[in-house]
Amino acid sequence: MQYMVSVIQDGKGSPGPSDMAAVGAFNERLKAAGHWVFANGLAEPAAASVVDNRGDELVVTDGPFLETKEYVVGLWIMQAPDLDVALRLAAEASKVCDGKLEVRPCAS
């Protein structure tokens, strides 16, 4: 099963070079163990655009969908046999990122 692990920014500041090196090493461990599917960081919420084409006219709005103190700054898609393994991997990732993560199973 695949799980999305979202990295949550809570106002602590941006990661430094040593933090990014630790994330890179963690990613290599994920790959070696067969848990890696995909990972990437995201731009700041101010760079977002919201697209709504449900009505008669297309509406594109600058900025994030929600204004919040916390927001997603990156994500992993991990392969794990079950939620317990996904949570164990997320616990390691949380330590590496020095932050909160959300783990959510991907819909099939």
Side-chain angles (χ1 to χ4, degrees):
M1 174 165 248
Q2 292 183 344
Y3 295 86
M4 183 177 79
V5 179
S6 303
V7 182
I8 300 167
Q9 170 63 271
D10 58 4
K12 291 186 339 175
S14 299
S18 64
D19 299 319
M20 295 312 295
V23 170
F26 176 73
N27 288 343
E28 292 305 316
R29 291 193 307 273
L30 285 177
K31 290 174 186 176
H35 296 297
W36 175 271
V37 176
F38 173 81
N40 209 343
L42 299 172
E44 296 287 324
S49 297
V50 177
V51 177
D52 186 353
N53 196 23
R54 296 176 294 170
D56 294 334
E57 291 185 33
L58 169 65
V59 177
V60 179
T61 308
D62 291 337
F65 175 66
L66 296 172
E67 297 286 340
T68 67
K69 289 182 182 181
E70 297 180 333
Y71 54 91
V72 177
V73 294
L75 63 100
W76 279 280
I77 303 294
M78 297 180 184
Q79 184 73 35
D82 56 44
L83 180 60
D84 289 338
V85 173
L87 292 174
R88 180 182 55 77
L89 294 169
E92 292 179 48
S94 175
K95 187 70 86 174
V96 168
C97 291
D98 191 27
K100 295 191 298 187
L101 305 178
E102 177 186 75
V103 178
R104 190 182 307 183
C106 294
S108 45

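Numbers here are sequence positions counted from 1. Because the structure is a prediction, the values reported are computed rather than measured.
- The shortest heavy-atom contact between M78 and L89 is SD-CB, 3.8 Å.
- Atom NZ of K31 sits in a crowded spot, with more than 12 heavy atoms from other residues, nucleotides or ligands closer than 6.0 Å.
- Under a hydrophobic-cluster definition in which Ile, Leu, Val, Met, Phe, Trp and Tyr are linked whenever side-chain heavy atoms come within less than 4.5 Å, directly or via other members, V37 and M4 are assigned to the same cluster.
- Between atom CG of residue D52 and atom CG of residue L58 there is a gap of 8.0 Å, rounded to the nearest 0.5 Å.
- L87 is connected to V7 through a chain of hydrophobic side-chain contacts under 4.5 Å among Ile, Leu, Val, Met, Phe, Trp and Tyr, so both are in one cluster.
- Linking ILVMFWY side-chain heavy atoms closer than 4.5 Å, directly or via other members, places I8 and V103 in two distinct hydrophobic clusters.
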Query raised in the report: Between W76 and Y3, is a side chain to side chain contact (heavy atoms under 4.5 Å, CB included) present by the stated rule, with each step listed?
Result: CA-CA 8 Å; W76 279 280; Y3 295 86; over 6 Å; no
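- Legend: residues meeting salt bridge (charged side-chain N to carboxylate O under 4.0 Å, His left out) with R29, ordered by chain and number and at least two apart, are absent.
- Between S49 and D62, the closest heavy-atom pair is OG-OD1, 4.2 Å.
- Atom CD in E92 sits 7.5 Å away from atom CG in L30 (nearest 0.5 Å).
- For the residue pair H35 and A80, the shortest heavy atom distance occurs at ND1-CA, 4.3 Å.
- Separation of atoms CD (Q2) and CZ (R104) is listed at 15.0 Å; rounding is to 0.5 Å.
- Contact detail for D82 and V85: the closest heavy-atom pair is OD1-N, 3.0 Å.
- Across all non-hydrogen atoms, the minimal contact from C97 to V23 is SG-CG2, 4.3 Å.
- At least one side-chain heavy atom of P105 sits less than 4.5 Å from a side-chain heavy atom of M1.
- Residue F26 is grouped with residue V5 when hydrophobic side chains (ILVMFWY) are merged at heavy-atom distances under 4.5 angstrom, including chains of intermediate members.
- L101 and A93 get closest at one heavy-atom pair: CD1-CB, 3.5 Å.
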